[in-house]
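This report concerns only the one structure given below.
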Protein chains: 2
Amino acid sequence: MTDGLATANNNGHDHDLELGGLDQALGFHLRTAQQYVAREFAARFEHLDLSPVQYSALVLIENNPGRRQADLAAVLGVRQPNLVVRIDDLVNRGLVSRSADPLDRRANSLRLTAAGKKFMTQVRKAHEQHTDSLRNVLGQQDYEKVVEILSKLSGL
Amino acid sequence: MTDGLATANNNGHDHDLELGGLDQALGFHLRTAQQYVAREFAARFEHLDLSPVQYSALVLIENNPGRRQADLAAVLGVRQPNLVVRIDDLVNRGLVSRSADPLDRRANSLRLTAAGKKFMTQVRKAHEQHTDSLRNVLGQQDYEKVVEILSKLSGL
DNA sequence: TATTGTTATACTCTATAACTATA
DNA sequence: TATAGTTATAGAGTATAACAATA
């Protein structure tokens with residue numbers, strides 16, 4: 001293990017509680033697993049000051065230059081008002097440009113700036129380390145399997 | 001399909017965005033799948049006015065009468081101050097009793113009241129419907145598989 | 001000293017309503 | 001009339017610090 005977070009999230013409890021089926025409940029495991037992964041992500045992206053949604057937004061903007069915010073919000077599973085402030089931050093930091101879409105002047109065209117493109121090399125490295133850490137806990141096969149199964153719920 | 005929520009969460013988007021690997025990222029799927037399952041849960045437990053943590057707490061109290069709050073908090077993955085208010089609510093509703101532990105007078109002994117035990121029949125029914133809905137989307141085999149894999153991250 | 005439960009509090013994420021400017 | 005983006009705001013969920021009672 002390279003650090004404490006690479007260990008699975010047992011919350012430090014050697015519990016002896018009767019779980020009463022809680023250990024077979026998907027909702028329970030989803031919630032606690034998500035807590036663990038969110039913490040791993042936070043530790044890995046702390047120096048880049050990016051939230052999970054901001055990371056995903058940057059990846060989508062990089063791969064789909066010129067798209068509008070509504071399209072991103074739909075794929076990311078965030079409401080438009082909540083995405084606005086996240087994009088505001090990326091624009092203020094000079095990583096993303098917002099320009100009016102000439103075909104529809106209500107819409108904003110999102111693109112990475114030169115600084116944003118350069119920033120993505122660090123972002124990719126952080127995400128690789130994050131993914132490696134999770135793969136190290138689950139194993140390659142189970143990592144792919146759980147992604148495949150969860151896709152049916154996340155709808156992507 | 002029995003209702004709208006029984007459908008997987010595609011957020012209503014027939015997107016044509018290049019995902020740039022986002023669809024292979026566990027963190028992304030965990031977050032969006034958790035949103036879907038939390039909404040399914042909320043719809044299914046609305047009439048009982050129970051949060052996911054309160055549901056889990058009730059199950060643990062039922063199966064481990066007399067335990068202290070700290071033990072529950074550890075298993076549930078919640079901080080003690082946040083559990084207090086949840087238990088407060090269950091106590092105020094007459095479902096759970098808090099009594100001083102005679103062996104350690106700092107601690108609270110948690111038990112279901114008679115009303116709480118009766119309430120659990122409705123709770124079990126709601127959770128069965130919730131689980132059936134998720135199993136219907138995933139299939140029995142994948143439901144069990146994803147629970148097994150996520151257990152490595154949730155540490156239960 | 002350390003721990004249990006509690007209060008107070010702050011921060012993040014998420015949700016809706018209402019506005020503006022366009023369409 | 002409807003949509004894209006925005007503002008303001010409210011509600012969850014979660015985090016820490018500090019205190020009283022007890023160990």
Side-chain angles (χ1 to χ4, degrees), chain A residues 9 11-13 27-28 30-32 34-39 41-43 45-46 49-57 66-74 76-92 96-110, chain B residues 9 11-13 27-28 30-32 34-39 41-43 45-46 49-57 66-74 76-92 96-110:
Chain A
N9 171 33
N11 290 327
H13 54 254
F28 180 83
L30 261 183
R31 189 183 131 266
T32 48
Q34 217 267 320
Q35 283 185 342
Y36 171 74
V37 171
R39 270 174 197 128
F41 183 98
F45 279 81
E46 191 176 23
D49 195 28
L50 286 181
S51 73
V53 167
Q54 281 180 313
Y55 163 75
S56 303
R67 284 301 193 115
R68 48 178 64 181
Q69 293 176 198
D71 295 336
L72 264 62
L76 294 175
V78 225
R79 302 287 165 135
Q80 281 203 40
N82 299 325
L83 184 59
V84 168
V85 296
R86 294 306 199 173
I87 302 290
D88 278 349
D89 178 58
L90 297 175
V91 170
N92 290 337
V96 169
S97 72
R98 256 202 279 235
S99 55
D101 185 334
L103 299 170
D104 182 346
R105 295 205 330 273
R106 294 173 303 181
N108 284 334
S109 240
L110 299 177
Chain B
N9 171 31
N11 291 326
H13 53 254
F28 179 83
L30 261 182
R31 189 184 130 267
T32 48
Q34 217 269 322
Q35 282 185 343
Y36 171 74
V37 171
R39 270 176 197 128
F41 182 98
F45 279 81
E46 191 176 23
D49 196 25
L50 287 180
S51 73
V53 166
Q54 282 180 313
Y55 162 75
S56 303
R67 284 303 194 110
R68 47 177 66 181
Q69 294 176 197
D71 296 336
L72 264 63
L76 294 175
V78 212
R79 301 288 165 134
Q80 280 203 38
N82 299 325
L83 184 59
V84 168
V85 296
R86 294 306 199 174
I87 302 291
D88 279 348
D89 178 57
L90 297 176
V91 170
N92 290 337
V96 168
S97 73
R98 257 200 280 233
S99 56
D101 184 336
L103 299 170
D104 182 347
R105 295 205 328 272
R106 293 173 302 182
N108 284 334
S109 241
L110 299 178

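Computed from heavy atoms alone, side chains included, the values below leave out hydrogens, waters and symmetry copies. Since we're looking at a predicted model, the values are computed, not measured.
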Whole angstrom is fine here: how far is it from [atom1] in [X] over to [atom2] in [N]?
X	N	atom1	atom2	result
A:Asp89	C:dT12	CG	C1'	14 Å
A:Gln34	D:dA12	CD	C1'	15 Å
B:Asp88	C:dG5	CG	P	12 Å
B:Leu83	C:dT7	CG	P	13 Å
B:Arg67	C:dT4	CZ	C1'	15 Å
A:Arg68	D:dA2	CZ	P	18 Å
A:Leu76	D:dG5	CG	P	13 Å
A:Leu50	C:dT12	CG	P	14 Å

Indicate the atoms forming the closest heavy-atom contact of A:Arg31 with B:Gly77, along with that distance.
NH2-O, 3.7 Å
Test A:Leu72 against every option in A:Val78, A:Val53, A:Leu83 by the side chain to side chain contact (heavy atoms under 4.5 Å, CB included) rule and name the one that passes.
A:Leu83
Mind checking side-chain hydrogen bond (donor to acceptor under 3.5 Å, both in side chains) for [X] and listing every partner two or more places apart, or none if nothing turns up?
X	result
B:Asn82	none
B:Gln54	B:Asp89
A:Arg68	A:Asp104
A:Gln69	A:Arg98, A:Asn108

B/S/- contact track for nucleotides 16-23 of chain D, protein heavy atom under 4.0 Å
BB---BBS
With a non-hydrogen cut-off below 4.0 angstrom, is B:Gln80 in contact with a base, only sugar-phosphate, or nothing?
base
Given C:dT6, C:dT4, C:dT14, which nucleotide is nearest the side-chain atoms of B:Arg98?
C:dT6
Rounded to the nearest 0.5 Å, how far does OG of B:Ser51 lie from CG of B:Leu90?
8.0 Å
B:Ala70 or B:Arg31: which one's nearest nucleotide on DNA chain C is closer to the 5' end?
B:Ala70
